[in-house]
Amino acid sequence: MHRWLALIIGVQLLLWFASGLIMSVLPIDRVRGEHIVDRASLATLDQGRARAPLDIVLRQVAAPVREVRYRMLAGREVAEVEMADGSVQIHDAETASAIPPVNAAMARAVAVRAYRGKSAPPSVRAVTSASTEYKGVLPAWRIDFPDQDSTRVYIAQNSGRIVAVRNGTWRLYDFFWGLHIMDWKNHEDFNTPWLIGFAGGGLALAIAGSALLYFRWPRKRRRKS
């Protein structure tokens, strides 16, 4: 049983070890694209600027509100209203009027401002469906920077926030992540029957090997008196 399990599960065990090693070696900040896109920097708000009262902002929204955040968006102060269902609307902070969803030009400006590297002008395309590379808020804008890492910045149309950054390091990490969890298509489900079956087989392999080690361990024979 130990030999058959080793033959069947051995290849996947090697893939687990190899993929785990590679994922642990890759710097997580490069995987997330933090070295090339600055998502943490926030523009400060002008304390002396007049703003619409909060109750007026809330009147513009029909659904129950969970949170209101004031921030800068492409040089304009906005009130970001998050509803109880998770949807987001943005309003002008001064007039409380609703702002249309972020267009391609504004999304490009947000991405260029956050981009730290050197690249030719990026291209912009709309994203309306999820893919292996991006499963975040939809619809969104994808800004492609033609640099050596093929950096892509995803910006949500409802808020103008950078919701994902993809580059060559992330794609390498994601490839081995798919091998590691045995979800070769979507790279997200780590409860697949394949993973559960091979994990159980690996446990049985370890138990069988431990039993063989016990039964075949050399024992000193007692000397005859």
Side-chain angles (χ1 to χ4, degrees), residues 28-29 31-34 36-115 122-145 151-167 170 174 177 181 183 185-192:
I28 193 62
D29 58 333
V31 174
R32 295 173 179 170
E34 296 175 358
I36 196 69
V37 177
D38 185 11
R39 288 185 281 184
S41 63
L42 299 175
T44 57
L45 302 179
D46 185 3
Q47 296 181 359
R49 175 177 296 181
R51 298 177 181 87
L54 184 60
D55 58 339
I56 297 180
V57 176
L58 296 177
R59 290 175 191 172
Q60 308 299 318
V61 184
V65 175
R66 175 184 298 164
E67 187 176 1
V68 178
R69 296 178 291 267
Y70 288 88
R71 64 185 181 90
M72 299 299 295
L73 175 61
R76 179 182 184 181
E77 187 173 338
V78 298
E80 182 180 284
V81 182
E82 180 181 349
M83 268 68 76
D85 59 359
S87 60
V88 174
Q89 293 182 7
I90 50 177
H91 295 255
D92 185 273
E94 184 175 352
T95 64
S97 58
I99 299 176
V102 173
N103 57 28
M106 185 179 295
R108 184 178 183 275
V110 171
V112 169
R113 182 174 183 177
Y115 185 72
S123 60
V124 183
R125 67 174 60 185
V127 178
T128 57
S129 59
S131 63
T132 303
E133 184 173 278
Y134 176 73
K135 303 180 181 68
V137 181
L138 293 173
W141 295 105
R142 193 185 85 186
I143 295 85
D144 297 350
F145 288 91
T151 303
R152 292 176 179 174
V153 178
Y154 290 86
I155 296 178
Q157 292 187 17
N158 61 354
S159 65
R161 288 185 178 272
I162 298 176
V163 289
V165 178
R166 302 292 183 251
N167 54 25
W170 182 92
D174 184 63
W177 169 251
I181 65 174
D183 182 6
K185 182 179 180 181
N186 297 318
H187 301 183
E188 63 178 358
D189 186 8
F190 51 85
N191 297 115
T192 60

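Keep in mind that the numbers below use all heavy atoms, side chains included, and drop hydrogens, waters and symmetry copies.
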Does CZ in Arg125 sit with more than 12 non-hydrogen atoms of other residues, nucleotides or ligands closer than 6.0 Å? no

Listed partners of Gln47 passing side chain to side chain donor-acceptor pair (under 3.5 Å), at least two apart: none

Taking every heavy atom of Ala111 against every heavy atom of Phe145, the minimum-distance pair comes out as O-CZ, 3.8 Å

In this structure, CD of Glu77 is separated from CZ of Arg71 (nearest 0.5 Å) by 11.0 Å

Minimum heavy-atom distance between Ile162 and Ala114, given as atom pair plus value: CD1-CB, 3.6 Å

Heavy-atom closest pair, residues Ala79 and Val68: CB-CG1, 4.3 Å

Take atom CZ in Arg66; do more than 12 heavy atoms of anything else shown fall under 6.0 Å from it? yes

If only atom types and distance count, is the side chain of Asp183 paired as donor or acceptor with the main-chain N or O of Asp189 below 3.5 Å? yes

So Leu73 and Val102, do their side chains get closer than 4.5 Å, heavy atoms only? yes

Any idea which heavy atoms bring Tyr134 and Val163 closest together, and the distance? OH-CG2, 3.2 Å

Return the minimal non-hydrogen interatomic distance between Pro100 and Ile90, and the atom names on each side. O-CD1, 4.2 Å

Show the nearest heavy-atom pair for residues Ala96 and Ile56, with the distance to one decimal. CB-CG2, 3.9 Å

Any donor-acceptor pair under 3.5 Å from Trp170 side chain to Gly33 backbone: no

Once you round to the nearest 0.5 Å, how far does CZ of Arg59 lie from CG of Leu54? 10.5 Å

Quick one: CD1 on Ile143 to CD1 on Ile155, what's the gap to the nearest 0.5 Å? 4.0 Å

Distance in Å, Asn186 CG paired with Thr192 OG1, rounded so as to fall on 0.5 Å steps: 11.0 Å

Ring pair (Phe, Tyr, Trp, His ring centres under 6.0 Å) pairs touching residues 60-112, sequence neighbours excluded, are none

Any heavy-atom pair between the side chains of Met106 and Trp141 that's under 4.5 Å? no

Output every pair passing salt bridge (Lys or Arg N to Asp or Glu O under 4.0 Å) with a member in residues 83-108, not counting sequence neighbours, ordered by first then second residue. Arg76-Asp92

With a 4.5 Å heavy-atom cut-off, do Arg51 and Leu45 have their side chains touching? yes

To the nearest 0.5 Å, what is the distance between CD on Glu80 and CZ on Arg69? 4.0 Å

For Glu188, does its backbone N or O pair with a side-chain atom of Lys135 as donor and acceptor, under 3.5 Å? no

Residue pair Gln60 / Gln89, side-chain heavy-atom distance below 4.5 Å: no

Answer yes or no: is there a side-chain heavy-atom contact under 4.5 Å between Ser87 and Asn158? no

